[in-house]
Structures are given as C-alpha cells and as structure tokens.
Amino acid sequence: MLSSLVNKYNIAGPRYTSYPTVPYWNSNSFSLENWKKSVINSFQESNSKEGISLYIHLPFCESLCTFCGCNKRITKQHSVESPYINAVLKEWNLYLELFDEKPIIKELHLGGGTPTFFSPDNLKYLINGILKRSELAEGYEFSFEGHPNNTTSEHLQALYDVGFRRVSYGVQDYNETVQKAIHRIQPFENVKQATEAAREIGYTSVGHDIIFGLPFQKLEHVKETILKTKSLFPDRLAFYSYAHVPWIIGNGQRGFKDSDLPSAHIKRQQYELGKALLKEVGYHEIGMDHFALPTDSLYKSLITNKLHRNFMGYTASKTQAMIGLGVSSISDSWYGFSQNVKGIESYYNLLKNNILPVYRGHILNEEDLIIRKHILDLMCQFKTSWTKENLYFKQLPETLIRLKEMENDGLLHIHSNSIEVTAKGQPFIRNVCMAFDLLLQRKQPNTQLF
C-alpha cells in the first residue's frame with residue numbers, strides 16, 4: 001500500500017521554507033526601497049517582543065562536495081577571510097541604519113560553504129562585530145554548521161566563548177564508495193572526535209546531517225550510517241533526501257551519472273528504514289526530515305506549538321524578521337523576502353557604494369500572507385484551520401477539492417473549518433502544501449524547478 005502511495009505522490013515540489021517559493025517571487029514589482037520599508041515595518045512591530053534572527057552565509061570551501069547545492073567558492077587561499085568578514089559587517093551596519101533601536105538577537109546561524117574554513121579568531125571577530133551594537137534576547141540560540149574534518153577544538157571554544165551552544169555536523173554517509181562519489185571523505189573517527197569535543201566544551205545540542213538517495217548508496221549503507229550515528233547519540237538529526245538538480249546547480253553535481261542514483265522506490269525504503277531505526281532509540285520525528293531527542297529544544301518547541309520554519313529550516317522559536325547577511329543569503333521580514341547577489345565581487349562592489357547587496361525579492365500581498373500562514377501551520381503542526389475570518393480565502397473550496405483524493409487515501413482528514421494530516425500522510429506533507437500553493441496551481445512550471 002505504501003509503495004503505491006509513494007508512486008502516486010512522487011511529484012517534485014518545494015520544501016516550503018518560504019511562501020511564495022523563490023521561483024514564484026514577483027521581482028518585477030520588487031524594489032530595494034520597498035524591501036527597506038518592509039524591514040523597518042517588521043522590525044518596529046516585533047523587535048521588542050521577540051527579537052530578530054540572523055543568518056550569515058560563509059561561502060568558502062577548500063574542496064568541492066559533489067552532492068552540495070549551496071552557493072560556494074572553492075579556494076585554499078585563506079587571505080579571503082578578512083575582506084569577506086569586513087564586508088558582512090558593512091552589510092550589517094547598513095541594516096542597523098534602518099533601525100530606531102538596538103536589534104535584539106534571538107537566533108544566529110552560520111551556514112555555508114564551510115563556516116569552519118574561517119579561523120577561530122576571525123569567526124570570533126565576526127560575531128563580536130555583530131554583537132557590538134546589538135542586544136541578546138532571553139534564551140537566545142547561536143548555531144553553526146561544522147565540517148568534521150576541520151572543526152577544531154579551537155573553533156568550538158572560540159564560538160562557545162561568544163555564545164554558541166549548538167553545532168550541526170555534515171555526515172551524509174559513512175560508506176567509502178559513497179563518500180568517494182560525493183567527494184566527501186570523512187571517517188567516522190573524525191565525526192566522533194568533533195562530536196565529543198563539542199560536548200566536552202559545553203555545547204548543549206550537537207546535530208548530525210545525514211542524506212539518503214546518494215550515488216551508489218544502498219539500504220545497508222543507510223543502516224550502517226544510522227547505527228554508527230546512534231552510537232554517538234546526537235541531540236538532533238536532519239535526515240534529508242538528496243536533491244539532484246544539476247540543471248540548477250551546474251557542474252558541481254556531475255561527478256557521477258544519473259544511473260548511479262538509487263530509484264525512487266529504493267529512496268523511500270532508505271527513508272523508512274532510517275526513520276524506523278531512529279524511532280527505536282528514542283528520536284522523535286519533527287515536521288519533515290528532522291528528528292530530535294526529547295531533551296532537545298527542537299522537540300520541546302514541537303510539543304509546545306512553538307516550532308517554526310524559515311530559510312534556515314526548522315527552528316525552535318519564531319521571529320518575524322530574519323536578516324540574511326553574505327552572498328546569496330535570503331532575508332525574510334514576514335511581509336517580504338529578498339536575496340543577496342550570488343557573486344562575491346558584485347557583493348563587494350555594492351557594499352563599497354553603501355548599497356544593500358539585494359538583487360531580487362518579493363513583497364507579499366494579502367493572499368500571499370494567508371496562504372503562507374496555512375503552509376507554515378501544515379509544515380510545523382501537520383494541521384491548519386480557517387476558523388479565524390482572516391484565514392479564509394476565496395479559493396479554499398477548490399483547494400479542498402484537490403485534497404479530497406488525499407483524504408480518500410487516508411493521508412488527511414477534512415473538517416468543517418480545518419484539515420489535519422494523519423500519521424500516514426505526514427511523509428506526504430509537501431503534496432498537501434502544494435494543494436494550498438495557489439501560485440503553483442495557477443502556473444505549473446514548464447521546466448523542472450524542484
């Protein structure tokens with residue numbers, strides 16, 4: 001039965017870290033001035049109540065991993081560190097000029113690229129520069145993505161000293177054949193050492209990222225990886241499906257043939273096996289693709305209905321405003337989105353002229369805001385409701401018609417003023433959200449976007 005449902009609903013779709021999704025942004029009506037007004041409005045509404053989030057993109061890597069879809073610059077020249085950090089701080093100062101009070105930082109995340117490409121001293125300099133004109137919210141959370149091969153105790157200590165308590169390590173898979181295919185040679189001992197070092201220093205949440213659907217990856221490889229992961233007991237896990245999108249990413253994902261990838265049927269088996277193994281030892285599934293121990297803040301936010309989702313993925317608390325700094329970073333004011341230029345040289349040139357390095361975005365209209373709320377509730381709570389008048393939209397009857405077949409398949413329940421996704425339907429949550437995605441329904445893509 002599950003196999004037939006997988007085949008039936010095996011449709012490429014967004015991960016819904018935003019609505020509207022990036023391919024449906026209306027950049028024609030977007031302007032930098034409108035974006036600034038959106039940020040100012042959101043900041044004034046929410047800063048004193050909940051603070052803001054920051055995402056900082058650090059794009060440099062010493063070598064190319066062929067599974068990676070992130071914006072990165074491959075170099076072994078560490079002289080690039082200081083100019084980039086100074087540019088990020090310049091961008092932050094341009095945002096500070098928009099605010100009428102000190103920002104209160106609730107969450108801060110360093111992503112990449114490889115954040116630990118940067119030296120401990122430079123990372124400390126970056127964070128201190130961010131904090132110099134800011135305040136910290138009660139219960140703030142700082143996190144970073146660490147590469148197990150080059151995250152040293154010095155990195156961990158330096159970031160701990162400026163407030164970091166959470167680190168996530170990219171593991172992917174422990175099988176050597178798979179590692180060679182994705183150009184990420186990373187022995188278990190390196191991950192073990194990096195995990196234990198973080199805990200010894202005092203990090204309260206250590207996460208591992210695992211990927212299924214990788215080239216040459218078999219069911220036994222997923223099992224072996226998860227059994228080894230269990231021995232280290234990370235506080236939370238991201239268990240992602242590999243997204244093979246070389247037509248978007250470029251040659252970085254051409255290190256192997258399409259025929260080297262497991263079929264959709266095998267990928268689903270890999271996911272179900274991994275999920276079952278994680279459940280056996282006490283991990284709870286959080287939304288889509290995430291798992292956590294009951295002691296982790298992500299699980300606690302789930303059971304208290306505080307789970308949130310944005311461009312950083314699932315987060316333990318909500319902020320209305322999220323500012324993205326660095327090349328390609330995406331910002332979210334709730335009322336609008338913006339993305340920075342992807343080229344480092346363009347980024348530097350715009351900042352040199354005191355211009356926020358934004359190149360595209362979207363200002364949400366009333367319909368967008370309603371649909372966004374429904375999709376966010378579905379992704380975080382597996383249910384949504386239109387009991388409040390401002391959450392009803394005129395296309396709702398058509399949306400419910402689209403969902404009827406999913407209800408017949410036991411994936412959800414449609415009530416008079418709400419829907420609730422069943423446990424059976426949770427793996428298909430993206431399909432449910434796609435029924436609400438009015439922009440996707442109005443304009444089905446001619447080429448593969450997701």
Side-chain angles (χ1 to χ4, degrees), residues 17-57 59 71 84 86-109 129-130 132-135 310-312 318-373 375-376 390 438-439 442-443:
T17 51
S18 76
Y19 181 84
T21 56
V22 175
Y24 290 94
W25 284 2
N26 184 357
S27 288
N28 293 329
S29 61
F30 175 85
S31 71
L32 183 56
E33 287 310 307
N34 283 341
W35 166 245
K36 288 181 182 179
K37 289 176 185 176
S38 168
V39 171
I40 292 168
N41 181 31
S42 185
F43 183 83
Q44 290 174 342
E45 286 182 358
S46 64
N47 182 56
S48 61
K49 296 176 186 174
E50 61 186 21
I52 69 170
S53 296
L54 285 182
Y55 170 77
I56 305 175
H57 191 74
N71 183 43
Y84 188 80
N86 289 328
V88 168
L89 293 176
K90 173 72 175 290
E91 184 185 2
W92 176 233
N93 285 331
L94 291 177
Y95 273 107
L96 289 174
E97 290 174 8
L98 303 178
F99 304 150
D100 56 0
E101 62 183 14
K102 278 188 175 182
I104 301 169
I105 299 178
K106 177 73 172 177
E107 290 188 327
L108 186 152
H109 182 72
I130 294 290
K132 190 187 302 182
R133 294 169 61 190
S134 311
E135 294 180 10
N310 56 28
F311 286 103
M312 294 189 286
K318 171 190 170 292
T319 63
Q320 183 168 294
M322 187 192 84
I323 303 298
L325 304 174
V327 290
S328 77
S329 286
I330 296 178
S331 297
D332 176 0
S333 70
W334 184 259
Y335 302 111
F337 303 116
S338 74
Q339 183 172 23
N340 283 351
V341 294
K342 297 183 179 182
I344 292 174
E345 292 74 21
S346 302
Y347 179 71
Y348 289 165
N349 287 335
L350 287 165
L351 289 168
K352 185 179 179 182
N353 291 297
N354 296 315
I355 300 170
L356 283 175
V358 169
Y359 88 102
R360 66 173 174 176
H362 179 92
I363 302 299
L364 282 75
N365 59 32
E366 186 177 347
E367 177 189 280
D368 293 338
L369 288 166
I370 293 171
I371 300 303
R372 176 180 193 177
K373 183 67 169 65
I375 287 179
L376 186 61
N390 62 348
L438 298 184
L439 295 173
R442 288 174 190 145
K443 187 180 178 182

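Positions are given from 1 along the sequence. The figures here come from the full heavy-atom set of this structure, side chains too, leaving out hydrogens, waters and symmetry mates.
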Can you list every salt bridge (Lys or Arg N to Asp or Glu O under 4.0 Å) pair that touches residues 338-359, not counting sequence neighbours?
Arg73-Glu345
Walk me through it: do Ser42 and Ser333 pass the test side-chain hydrogen bond (donor to acceptor under 3.5 Å, both in side chains)?
CA-CA 6 Å; Ser42 185; Ser333 70; 5.2 Å; no
Which residue pairs pass the side chain to side chain donor-acceptor pair (under 3.5 Å) test with at least one member in residues 322-331, sequence neighbours excluded?
Asn71-Ser328
Who pairs with Glu367 by salt bridge (Lys or Arg N to Asp or Glu O under 4.0 Å), at least two apart in sequence or on another chain?
Arg442
If you define the side chain from C-beta out and look only at heavy atoms, does anything of Leu32 sit under 4.5 Å from Ile355?
yes
Mind checking side-chain hydrogen bond (donor to acceptor under 3.5 Å, both in side chains) for Asn41 and listing every partner two or more places apart, or none if nothing turns up?
none
Would you say His362 and Asp368 are linked by a side-chain donor-acceptor pair, where the criterion is simply a distance under 3.5 Å?
yes
Which residues pass the side-chain contact (heavy atoms from CB on, under 4.5 Å) test with Asn86, sequence neighbours left out?
Tyr125
Partner set under salt bridge (Lys or Arg N to Asp or Glu O under 4.0 Å) for Arg372, not counting sequence neighbours:
Asp332
Could you pull out all residues at least two apart from Phe337 that satisfy ring pair (Phe, Tyr, Trp, His ring centres under 6.0 Å)?
Trp25, Phe311
Could you name each residue pair satisfying salt bridge (Lys or Arg N to Asp or Glu O under 4.0 Å) that touches residues 18-39, not counting sequence neighbours?
Glu33-Lys36
Could you tell me which residues satisfy side-chain contact (heavy atoms from CB on, under 4.5 Å) with Leu351, sequence neighbours excluded, listed by chain and number?
Ala87, Lys90, Glu91, Leu94, Tyr347, Pro357
Hey, is Glu50 close enough to Lys106 for a salt bridge, meaning N to O under 4.0 Å?
no
For residues 95-105, which side-chain donor-acceptor pairs fall under 3.5 Å, sequence neighbours excluded?
residue, atom, partner, partner atom, Å
Tyr95, OH, Trp35, NE1, 3.1
Glu101, OE2, Asn47, ND2, 2.9

Set of salt bridge (Lys or Arg N to Asp or Glu O under 4.0 Å) partners for Glu135, sequence neighbours left out
none
Candidate list Leu356, Val358, Val341, test side chain to side chain contact (heavy atoms under 4.5 Å, CB included), partner Leu350, passing option:
Val341
Contacts of type side-chain hydrogen bond (donor to acceptor under 3.5 Å, both in side chains), residue Tyr19, not counting sequence neighbours
none
